Structure formats: C-alpha cells, structure tokens
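Quick notes on the structure that follows.
Atoms within each ligand, like the ligands themselves, are counted from 1 in listed order. All residue numbers refer to positions in the sequence shown, counting from 1. In this text, all values refer to a predicted model and were calculated from it rather than measured experimentally.
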Amino acid sequence: MSGHRRVKDIDYDEDGLDSYEEDHSEEEGAGELSVEDKEQMRQNTILVKEALGDEHGVSEQAIQEALWHYYYDVAKSVAYLKNQHTPKQPKKPKQESRFDRAAAAATPMKASSEWDWCPEESAISLARPLAQDHYQYGAYAGFATQADTVRLTHELPDPYPLPGYPLPEPPPYYFSNVPPGALLSYAPGITSRSYLPDYVPVRRTQPRGPLLGGSASTAKPSKLAALAAARKKKDAEQKAAARTVDEGHKSSVSLLDRLAKKDIGAVETREENKSWVVTQAASTSSYPLRRKRDPSPVRTPPTSDAPQAKQPEEKPQEQTDLRAMPSIFAQTICFALPRPSRVEQKQSDSMPYLSCHDYATTTVTEVNRTKSDFFAGPSPDDVVLNAQAKASSSKSKQAPSKKPSGPKSEDGTNGVTNGVEKLSVEDTIPQRTRSKNLDIPALYASRPYKPSASFVVIGHVDHGKSTLMGRLLYDLKVVDQRSVDKLRREATNTGKGSFALAWVMDSTSEERERGVTVDIAMNHFETSKCTFTILDAPGHKDFVPNMIAGASQADFAVLVIDASTNAFESGLRGQTKEHALLVRSAGVRGVVVAVNKMDACGWNKERFEEIRSQIGAFLSLAGFKEESVVFVPCAGLTGENVVHSLLPCNTQAGWWHHGPLVSTLETQARASGTLDLRRPFRLQVSDVFRGGITNPLSVSGKVEQGAVQAGDVLLAQPASQTACVKAIEIDNEAADYAVAGQIATLHLTDIEAQHLRSGDILCDPTKAVKNITTFTAKVLAFEALLPQGVDVHRGRLHVPGRVKRLLAVLDKGTGQVVKKQPRVVQAGAVARVSIEFDGEVGIPLEVGNRVVLRNAGETIAAGLIEGVS
Ligand SMILES: Nc1nc2c(ncn2[C@@H]2O[C@H](COP(=O)(O)OP(=O)(O)OP(=O)(O)O)[C@@H](O)[C@H]2O)c(=O)[nH]1
C-alpha cells in the first residue's frame, strides 16, 4: 500500500495538538535490532515469503536484507526481490507513439550505447516510469529523444506492482546536453543536489531531438511531425530574426509578460507613473496579465550611504551644447547664473526650477567664481532635514495642520536656500500616512455582503487547467473577443492553436513557448453573487513549489482531471494525487473536481462515474469531508458546462441535470468559512513590486489573519524592519483596509526594498512572528522519513533544513505516542519530528503554520508546527 493511501482519518486541524505527551528521554540501542524491530522483521518476512511464493527460492537472509533496506516495506521488498530473481523476458517492442514518430522524423537517430553507462539497477527502476512519462520528462522538456523511449521500452521490467508507487526522478542524462544554467532555467524546482552532480559524467555522442511543445492529446500528428522536422531550422531563423528585427518590441513584450493587471487600457491611463506596469503601446488587448514579481533582492545590510549627486568636475576644454543636461541638483546649485533661452523653452512648464541655469553651458571659471556663494548657506539636504525635524517636533505638540509648513530660509538673499524654500516638506519627503483608525471588524460586518474567495486550480500537467480558466474568464466577459482572437492568431502562427485560451492565463513567453504553466497566474472575476481570485497553478512536477505557493493562498481548490482515454490514469500516477494531498496539507478543506475534456470522451456518463468513484475515494482518504467535495463534468475547450449550462442539443450530456462549474464555485465560496479579524495581523509576501514613482515599493499576498489599514506600521520578518502602509489595493481597486482571507497589495513606505523578499512575513509589530532556527512538527509521511536533509516549504517560503530527530510515531486516530525515537518513520505514518534550518538567519515561522517537507524534488511529508525555538 502506498503512502498516498495511508492518509486515512488524518486531520490536520489544530485540534488535538495539545493531546500528545512528549518524552524524548528514552534512547534505543543503536546498531542492534530492538525487540519491536525483531518482531516486525519476523512478521514481514512471513508476508514477503507468502507474496513471493515457493518457486522463487529466495533465501530468508535475502528477504531480511531487502526488508531492512526498504525499512520493512513489504511491497517494495517483494518488488525488489522479484526483479532480482526473475529472469528477464524479452519484451515486445512498444508501438511507436505519435511523439516517437515526430521525434524520429525530426532527428533520425538509432539507439546508441548511451544507456550502457547507467547501472542496471537504476536503468530498471527508472525505465518504466520514464517510458510512461516520456512526454512529461523528455520530449516535453525537449531533452529526450525517440531513442531514449525506444530503448527504455525494450528494457522495461515487470510492471510496477504497487499502486501509487512514486515516480522516481528523471535520470540525469535527460539533461545531459543542457548547460547547467539552462537546466536550472528549464527546471527551477530541480536542485543542484538532485541533478547537477550527475550532470558532469554524462556524455552523449549524438545530438538530442528538438523541443516538441504542445499537448499530446490534442495536437495533430501531421502538425507535430512538421513542427519537429522544421524545428531546428526555424529555431535558428527565429532567434536571429527576433534578435535583430525589433529589440525594443522584444523587451517590452518580455516585460509585459511579467506584469499583472486586469485591463491594459485602464492601466495605460491610470498607471502612467507606475514603472512596474509597462504599457505595450501596440497592444490593445485587455486580457489579464501577471504582475511583475521582483527578482528577490539580495538582502544587504542597510547602509546610510545614499548615492551622491555628481559634483561638477574641472574640465579644461570648452564645453559645448552637446553635453548632457545637468541633474536637477546641479541646476539648483547653478541657478543664479544667467540661463540660456534654449533651456528655458525646453523646461518651461515641467521643471520646478524655472530660473535654473543650464549647467551645460557653465564654464569652470564661472563655477569657481560662484562656488563660494553656493555654499555660503546650509545645503539643500540640511535645510530639508532641519525642516523635517521642526515639522515632526511641532507635529508631536499640536494637532496636524492641513497647511504645509515649508522650511524657512536662513538667508533670504542666497540663491540656493531661496530655491529650496520654494519647496514644501510635503513635496520632498513622503509624508507618513496617518491611520484613519477604522474599526475594521465593525465595517467589515456592515459592508454590503458579497462573499469573496480565492481558489487554486490544480491537477496533472496538460489536463486543461489554464484553458478552463481562460474559458471561464472569456465567457464571463472578463476577457474580450478581440483579445482572444489575437491570442488565437498568435497561437496558430506558432503551431499551438489549441492553447489560445490557455494563453489568457499563461502570459509569459516561456510558458507560451513551452506550452506549460510555470508559475502561479493570478486573475480576478466577479459573478452576480461572489467575487473570485483565480490562482492557476502549474501542473508539471518540476514546479510543485510554485503550486504549493498557490495552495497556501487559496480558500478552496479546483482539481482539474482530464477525462479522455488514459489521461486520467496517467494523471493518477503523476501529480493529481500529489496536488490533492498538498492542498489538504496547506489547510484547504473544499474541492471542486472539474472532470474536464468531456468532449473528448463523448460525454460518457460511465467515464464520469468511474472518475468520481476513484477520485472521491482518494480524497476522502486524504482527509477531505465528503460534503466538501463536488464533481462537475465540463469541457474548457468548447465551453460546455463551464459558465453556461449544457445546451439541450447536446444529447450525449442529457444525464447531467446540475448547474455549470461557475455555480458550483459560488456555492463553495459561500461555504469558505468565517474570518477572525481580531487576531494579530499576518501576511506572507507573495510578490514584491518596486520602481513605481508614486508607489516605489509594494508587496502582495494573502492576509492570513487579522486586518490592516493605511497608516498601520508593520514589522517585516526576518529582516526585523518596520514599514508603514501607505495605501492598499484589493483586486486592483483602492481599499481602506484588507482583512483575513483577502489577497491584497500593500504600498509601503519607510523601508528599503532589500528588506523584503517573497516568502517574508509582514506582521503586527506588537505581536510579531519570531525568527526561529528549529521547530517540532506533527507530520504525515508520504515517503519513509529518516534524519535527512529537507526543503521546508510554506507558501512562497522555502528554506533548506534537515530532519534532526524523529521524536515519536503517533497513532493516527488518537494522536497518542505509539513509539518513541523511531529509527525510521514509515510512509503513511504520522510522526512528530524536530527540524533545524541550515543557515544562521532565523526563519519567520510560528506554531500552527503548515509546512511541506520536500527532498530531491519529491514531497516527503507535510504537517503542522507544534513548537518553535
Ligand atoms: N479536447 C479538449 N482539449 C482540451 C480541453 N481543455 C484543454 N484542452 C487541451 O489540453 C491541452 C493542455 O491545456 P492546458 O490548459 O495548457 O493544460 P494545463 O493543465 O493548464 O497545463 P499546465 O498548466 O502546463 O499544467 C491544450 O492543447 C488544450 O487545448 C477540453 O475541454 N477538451
């Protein structure tokens, strides 16, 4: 029985956390079998013998060694022993798939001896899942070839005997012809620990096949073949053309790709002053885009050395009009000198320094002559700082006055101070926003009631998540016809016509080129009853960390399942179950299962029922309550039963009498639960935006608990820096406050950008989250758990650490300690473990947070933090 199936009756809720005794005193003898181990060994040996039968003739010692090796896992031991002791049968060559044919057409290759370097054991253990997942790992990523598949298929051992047996990682050679940098950019989830060491010894003698993007299930074979055959040639041509034809256009597209907003047209007029919103002049599309996420600034110690304004340098030779325009500071310094009319005209209305002298025409002699005058009085900085000090001292004594109190000149005749005098403090220094001291819980309770919810869209790669969400937005008129037509044209031109709707969500050029979602795409829409935030998660296993980040912000999940032949089954072996477990681990309680691509199976009721019974059983084992799981058949591509009910003319679907997907979403949103707004404020930063003029630093994320309003001072952890909330936006609209459950954008002041990264916490400074270095957690093990290195994930946060100690195995039902200090925690067991972070910097986590533990690209456990230190 796999780890996935042993999730029964596990409740991740905080309830019952206090009920466990803790006793770490008992140490077991190391190196010898304990009494329990011996008993377990004896019982499992009998089970293995029974499973093997007599004809295998495997010795008891071999059985016990296998059991020891697999930590008493009977199924794995049996599989191993069978593989070891069964003579290999020559297998029938697998029938070539469309992908194989396309790849062969593109790059004719014979099976080489590339496989021979790989140890036989690895070959056998990797062969089957790789062949099954050839598309996912290989052709999909563009690194594997037909030769790989053919060879792997010939080498296949007996089918994996274990249901839900976890897929191993792709072998290193799948990436062997990729430079390490490119490997990381293709697969950010792959750590150097998991792949890069193996990269070095791999040698390939022949070039790999080209990238075959697109969907196996929907692309036409002829197109694929043609695409593959022309790929190499086109790649070279396109790259050269893209580089030379329009550099400017390219950069604007790539910037555009990374931005998020609902309506480009609206932003073009409203957001001229936000540098993170790039307006693509040529584009008139209004499909939603993604905001640019700040590339996590490197945290550096704060420095007081502000960049200095450039001082005029002595240049013996004559300056001409060709010199660059002076800085505003230089113009301020030199404004007493005569000003040429050319500059007056140019700067007439826009510049605050109307009488400013054009420094470009000032000679060194002039500068020297007037230098003593310039520095006779206080510097502009001094004046401003003095005024600021005065303003703050007067503010503390008297009520704030609306009239700006500008700095008084100390020397009315001095040009510099006169110039600065014209500035008010408000013009120069961003005013700290004053809190309106709103009673947020009362306001929230009395607001016009329209529930809002965010949902994460999960499921195996290519099951149609992005297309379904694109269709939802299109049918709800969030995206207009013109934009979709444009996307259709673009998608068709690149041979990916069927992805047009998916491109509504997948907006980056990388995602469009590869035909897969890479990061969470966020979008908003509204129905007459609710407002929603979509978090479209990537389905590919390399991007599971991004999926976890989406799950942590969601109120419920939409699990998309491809109903077409074999796709559902391959999803079960892939990410369908893993995603479902992860969202449950992240605290999500409700799931809408969208049984998608029903058009591809002719709206077959039996197929729908089969999927409902299998997935329903799994979700209940994973801890979802039956009433929190709803199934809806739909087809994102055709739009049937997504927003509009099924047409009566669709006779095949006459058996479905319930509403479309959107009405199910509304029901789930209403059931999403109540909010406790009076708890201390917490927001995990999901994205950081910087560079805007009016809002130089903004962050977005889900308010996990409590509430925030403009003027509040927050503490950023782990940097331990305070910041002031200047303004708040929710769903791209200005808001007075944000409350738990809402995904908000906070515009911040009084903090440097390097103190904020995605994954950080903004919290109430009076009840702050502490930075910790170790914690204990109650976890459910998806794989056997040992003291080992792990990546600790919580939303956008992921930090390397290690399982320091296995403290106890717990009873799943009661939570009582079953065994103290176990040597290993079996897959499916619940355990209390102690985890330590690798670095010296503390990590902002607290009791009650949900964490996911991953190792080498696999999720190995998930659970709740019970204690921190
Ligand atoms: N026949 C049919 N094909 C569909 C349907 N929905 C999506 N597809 C096709 O399935 C392929 C993959 O769709 P995507 O929306 O990119 O899948 P995805 O799950 O978002 O993929 P990732 O985000 O990369 O995991 C595309 O070629 C779609 O046209 C559907 O309802 N019917």
query: Do Asp475 side-chain atoms and Val643 backbone N/O form a donor-acceptor pair below 3.5 Å?
result: no
- prompt: Going by distance only, is there an N or O of Leu637 that falls short of 3.5 Å from an N or O of ligand 1?
  reply: yes
Pro538 to Val518 - nearest heavy-atom pair and separation: CG-O, 3.2 Å
query: Any donor-acceptor pair under 3.5 Å linking the side chain of Lys465 with the backbone of Ala537?
result: no
query: Backbone or side chain, does any N or O of Ala600 fall under 3.5 Å from an N or O of ligand 1?
result: no
query: Pick one: which of Thr508, Asp506, Asn546 meets side-chain hydrogen bond (donor to acceptor under 3.5 Å, both in side chains) with Thr517?
result: Asp506
- prompt: Looking at Phe624, is Arg584 sitting on its ring face, NZ or CZ under 6.0 Å from the six-membered ring centre and within 45 degrees of the normal?
  reply: yes
task: Within a distance under 4.0 Å of any heavy atom of Ala635, pick out the atoms of ligand 1 and give their elements.
output: 31 (O)
message: Under 3.5 Å between any N/O of Ser498 and any N/O of ligand 1: does that happen in this structure?
response: yes
task: Show your reasoning for whether salt bridge (Lys or Arg N to Asp or Glu O under 4.0 Å) applies to Asp462 and Lys597.
output: CA-CA 11 Å; Asp462 269 350; Lys597 305 197 190 180; over 6 Å; no
message: Would Thr517 count as a polar contact of ligand 1, with the cut-off being nitrogen or oxygen pairs under 3.5 Å?
response: yes
- request: Show which atoms of ligand 1 fall inside a sub-4.0 Å distance from at least one heavy-atom site of Gly636.
  value: 31 (O)
message: When you measure from the side chain of Trp656 to the backbone of His658, do you find a donor-acceptor pair of N or O atoms at a distance under 3.5 Å?
response: yes
task: List every atom of ligand 1 that sits less than 4.0 Å from any heavy atom of Val516, numbering the atoms from 1 in the order shown and giving each element.
output: 24 (O)
- request: Could you tell me whether some N/O pair between His540 and ligand 1 is separated by less than 3.5 angstrom?
  value: no
task: Assert yes or no for the condition that the ring centre distance of Trp655 to Phe608 is strictly below 6.0 Å.
output: yes
field: Residue Phe499 vicinity, atoms of ligand 1 by number, heavy atom under 4.0 Å
entry: 12 (C), 16 (O), 26 (C), 27 (O)
task: Determine yes or no for a side-chain-to-main-chain donor-acceptor pair under 3.5 angstrom, with Arg607 supplying the side chain and Cys601 the backbone.
output: no
task: Go through ligand 1 atom by atom and flag the ones less than 4.0 Å from a non-hydrogen atom of Thr467.
output: 6 (N), 7 (C), 13 (O), 14 (P), 15 (O), 28 (C)
- line: One finds that the ligand 1 atoms under 4.0 Å from a non-hydrogen atom of Ala502 are 15 (O), 16 (O)
field: Interfacing atoms of ligand 1 (cut-off 4.0 Å, heavy-atom, Asp599)
entry: 1 (N), 2 (C), 30 (C), 31 (O), 32 (N)
query: Counting each atom of ligand 1 from 1 as listed, which ones have a heavy atom of Asn596 under 4.0 Å away?
result: 6 (N), 31 (O)
